[in-house]
Amino acid sequence: MKMAVCLPGPGLWDCSRCPGIRGHQVPRPLPSPAVSRRGPGGMALSGQEAEKQGPAEPRPGREPESWWCLVSYLCFYGFMAQMRPGESFITPYLLGPDKNFTQKQVTNEITPVLSYSYLAVLVPVFLLTDYLRYKPVLLLQGLSYVSVWLLLLFGSSVLHMQLMELFFSVTMAARIAYSSYVFSLVPPAHYQRVAGYSRAAVLLGVFTSSVLGQLLVTVGRVPFSTLNYVSLAFLTFSLVLALFLRCPKRSLFFNRSVPAGASPSELDQMNPGPGQPTGGRPGPAAAWRDSALARVLRELGHNLRLPQLRLWSLWWVFNSTGYYLIVYYVHILWNMVNPTMDSTRVYNGGADAASTLLGAITSFAAGFVKIRWAVWAKLVIAAVTVVQAGLVFLMYRTDSIWLCYMAFVLFRGSYQFLVPIATFQIASSLSQELRALVFGVNTFLATVLKTIITLIVSDKRGLGLPVHSQFLVYFMYFLVLFVAYFFAALLVGLQHLRRGIHQPLPPAQELRSPVQEKAVQDGALGSLQPGARPLALEDGVEAAGPASPEQSQQPEAKA
């Protein structure tokens with residue numbers, strides 16, 4: 001007896017070769033789930049079709065290999081945007097014969113505008129960065145840099161210099177565009193690596209720029225005005241580079257593209273909303289409850305109960321305020337300590353280069369610190385803060401420019417040591433949206449506090465203190481912070497001794513979202529909600545954190 005052999009046709013079984021049967025066609029049966037394979041777009045393929053299938057097309061959201069070229073180009077742009085060799089010498093340039101402003105004008109009328117304008121542009125630029133998808137804001141940053149140096153070179157009044165500070169504040173607020181843009185180019189698996197590349201490019205640019213400026217001034221005996229022309233040429237070139245950056249198709253909040261091939265029901269399951277109606281168009285209240293921003297705010301409210309999140313957020317607000325006040329006014333202090341008219345004896349560029357290098361080293365070393373942060377965080381912060389207070393007091397008291405330089409280098413290095421620790425502690429159990437929101441809120445609150453202090457201490461409409469007296473105020477500021485941190489650490493130590501806890505807590509328990517707490521109460525991480533994702537923490541311990549819509553949908557950003 002002969003077996004009938006049916007050949008597969010397009011959608012039907014072609015039985016033309018069956019013995020005794022001509023032109024017989026029957027519907028083609030569905031392939032067995034056990035042996036079917038998935039083709040691009042999720043279609044089931046039979047074994048023969050899978051064998052005939054050519055190279056699979058990239059899955060939705062999958063980046064081509066060319067993203068490495070995009071990241072390399074972005075890093076090169078980040079390096080060139082930092083090439084401003086005249087920046088370290090702006091203060092002596094303004095106080096020197098080129099511009100001939102008085103020290104009181106620079107201290108109490110020009111520099112305070114930077115804090116005010118930064119507060120005014122921070123939130124709009126942050127929102128525009130996401131809404132316009134990064135590239136237009138990078139172009140705005142490049143144009144603002146060019147405007148800064150044009151005003152420095154050709155401006156002649158206090159009003160021109162105040163306008164220069166306004167443009168400089170725009171460049172500072174637009175830095176978020178560069179640090180966020182890189183994540184729109186690569187798959188999530190490469191986030192950590194490319195973040196390191198982009199950060200290294202910026203630090204290398206700052207270091208190279210400072211060294212170049214110092215060499216041109218000291219060795220080449222280049223005047224400050226010529227140095228500013230060199231800076232303008234570099235910044236014009238970086239603006240041209242920004243024109244060729246690719247504009248991403250999606251961003252974090254405003255441009256959330258729908259993954260190809262995903263039906264509305266799939267998306268609803270990926271991003272369920274508590275107020276989502278069963279049918280029809282949702283009302284305004286329900287639409288607000290189901291919006292991404294509303295879900296982010298609700299999750300943020302839950303996470304604010306975490307003590308480590310509150311601690312490091314407060315550190316970010318208060319210590320970064322003091323840090324930037326020192327950075328803004330230290331160049332004026334240097335000019336008071338060393339009021340030389342010989343530009344070759346001004347070593348501001350060397351001090352900036354050394355502080356940048358030390359900051360990079362301490363930031364790198366902070367990644368290897370393994371302690372029980374839930375117990376010792378306040379004590380570590382107190383220790384670093386008292387060191388900062390001592391260094392500020394040294395800058396206030398000393399008459400040696402070299403001691404003043406050294407104190408600033410150590411001050412900046414000590415601050416940069418805690419920045420990556422604070423970043424990890426804040427971000428380790430937060431979703432991508434919450435990270436952006438928390439860091440944005442912390443930066444905004446620090447800017448508000450910095451503006452208030454500037455208005456009271458520095459502005460001529462307030463106390464209008466000279467720069468030496470300001471550094472005494474900043475010393476007292478850091479001293480008050482140290483006392484607060486020290487007593488908080490003492491209280492934690494007493495509570496720890498009272499409880500008699502001797503076993504160290506794993507880092508995963510130091511900062512957990514409410515989802516993680518529920519999982520621990522249920523007895524296993526396996527009981528996490530579907531939206532949870534593992535986060536790699538220190539010592540190989542994993543903790544689960546709430547997944548962002550992008551992470552739960554598994555699309556990867558396309559450039």
Side-chain angles (χ1 to χ4, degrees), residues 114-115 118-119 122 172 175-176 199 304 306-330 333 355-356 358-363 365-367 369 371 373-374 376-396 407-428 435 438-454 456-458 470-492 510-511:
L114 180 60
S115 296
Y118 184 58
L119 176 63
L122 178 61
M172 293 174 58
R175 291 172 186 173
I176 182 81
R199 177 64 176 168
L304 286 178
L306 302 172
Q308 290 295 93
L309 178 61
R310 291 197 304 267
L311 170 66
W312 288 101
S313 293
L314 289 174
W315 175 87
W316 195 285
V317 171
F318 289 104
N319 283 63
S320 64
T321 296
Y323 169 78
Y324 282 106
L325 286 171
I326 296 298
V327 170
Y328 288 173
Y329 289 94
V330 72
L333 179 69
S355 62
T356 301
L358 181 61
I361 294 173
T362 54
S363 297
V369 177
I371 63 175
W373 290 109
W376 300 108
K378 293 184 177 68
L379 187 59
V380 171
I381 293 175
V384 173
T385 305
V386 73
V387 170
Q388 291 176 317
L391 293 171
V392 173
F393 185 75
L394 177 60
M395 286 186 276
Y396 162 71
F408 174 74
V409 170
L410 295 176
F411 174 85
R412 193 171 182 180
S414 62
Y415 173 80
Q416 295 296 336
F417 171 75
L418 287 181
V419 166
I421 298 174
T423 302
F424 166 76
Q425 292 291 328
I426 293 174
S428 58
R435 292 172 193 168
V438 168
F439 285 122
V441 170
N442 290 344
T443 303
F444 177 75
L445 293 178
T447 305
V448 171
L449 180 58
K450 179 178 59 180
T451 303
I452 294 173
I453 295 176
T454 300
I456 296 174
V457 175
S458 305
Q470 288 186 40
F471 269 71
L472 180 61
V473 173
Y474 302 150
F475 160 69
M476 296 173 62
Y477 176 85
F478 279 101
L479 194 62
V480 170
L481 290 181
F482 160 70
V483 172
Y485 291 134
F486 177 77
F487 279 106
L490 189 63
L491 181 60
V492 170
E510 296 178 4
L511 188 62

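Please read all numbers here as calculations on a predicted model, not as lab measurements.
Side-chain atoms of Q388 and L410, non-hydrogen and from C-beta on, never get closer than 4.5 Å to each other. Residues V419 and Y415 form a side-chain contact, since some pair of their non-hydrogen atoms from C-beta on lies under 4.5 Å apart. Counting heavy atoms from C-beta outward, Q416 and L358 have side chains that stay 4.5 Å or more apart. Counting only heavy atoms from C-beta outward, the side chains of F471 and I326 approach each other to under 4.5 Å. No side-chain heavy atom of V492 sits less than 4.5 Å from a side-chain heavy atom of W376. For the pair V380/W373, a side-chain contact is recorded, criterion being any heavy-atom separation below 4.5 Å from C-beta on. Counting heavy atoms from C-beta outward, W316 and L445 have side chains that stay 4.5 Å or more apart.
Taking each heavy atom of S115 and T451 in turn, the nearest pair found is O-OG1, 3.3 Å. In terms of heavy atoms, A407 sits closest to L394 at CB-CD2, 3.9 Å. In plain terms, the two heavy atoms of L311 and A377 that are nearest each other are CD2-CB, 3.7 Å. For the pair V384 and S414, the tightest heavy-atom approach, listed with the atom from each and the gap, is CG1-O, 3.7 Å. When all heavy atoms of T321 and A446 are compared, the pair lying nearest together is OG1-O, 3.2 Å. L333 and M395 make their closest contact through CD2-O, 3.6 Å (heavy atoms, listed as atom of the first residue, atom of the second, distance).
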query = Given M172 and L122, is the side-chain contact (heavy atoms from CB on, under 4.5 Å) satisfied, shown in steps?
reply = CA-CA 9 Å; M172 293 174 58; L122 178 61; over 6 Å; no
Step-by-step ring-ring contact (aromatic ring centres under 6.0 Å, His included) determination, F424 to W312 = CA-CA 10 Å; F424 166 76; W312 288 101; 9.8 Å; no
task = Go through Y396 and F475 one step at a time and tell me if the ring-ring contact (aromatic ring centres under 6.0 Å, His included) criterion holds.
result = CA-CA 8 Å; Y396 162 71; F475 160 69; 7.9 Å; no
Derivation and outcome, side-chain contact (heavy atoms from CB on, under 4.5 Å), residues I426 and N442 = CA-CA 11 Å; I426 293 174; N442 290 344; 3.9 Å; yes
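When only modelled atom types and interatomic distance are considered, Y485 and N319 share a side-chain donor-acceptor pair under 3.5 Å. Side-chain polar atoms of Y118 and K450 form no donor-acceptor pair below 3.5 angstrom.
From F417, atom CZ reaches atom OG of S363 across 9.5 Å, with rounding to the nearest 0.5 Å. For the atom pair L379 CG and I371 CD1, the distance stands at 8.5 Å (nearest 0.5 Å). Here CZ of F486 is found 12.5 Å from OG1 of T385. Values are rounded to the nearest 0.5 Å. Note: L449 CG to L119 CG = 11.0 Å, rounded to the nearest 0.5 Å. Expressed to the nearest 0.5 Å, how far OH of Y324 lies from CD1 of I453 amounts to 15.0 Å. Y328 OH to S458 OG: the interatomic distance, rounded to the nearest 0.5 Å, is 11.5 Å.
A centroid separation of 6.0 Å or more is found between the aromatic rings of Y477 and Y474. Taking the ring centroids of F411 and F478, they lie under the 6.0 Å cut-off.
Side-chain atoms of T362 come within 3.5 Å of backbone N or O of G413 as a donor-acceptor pair.
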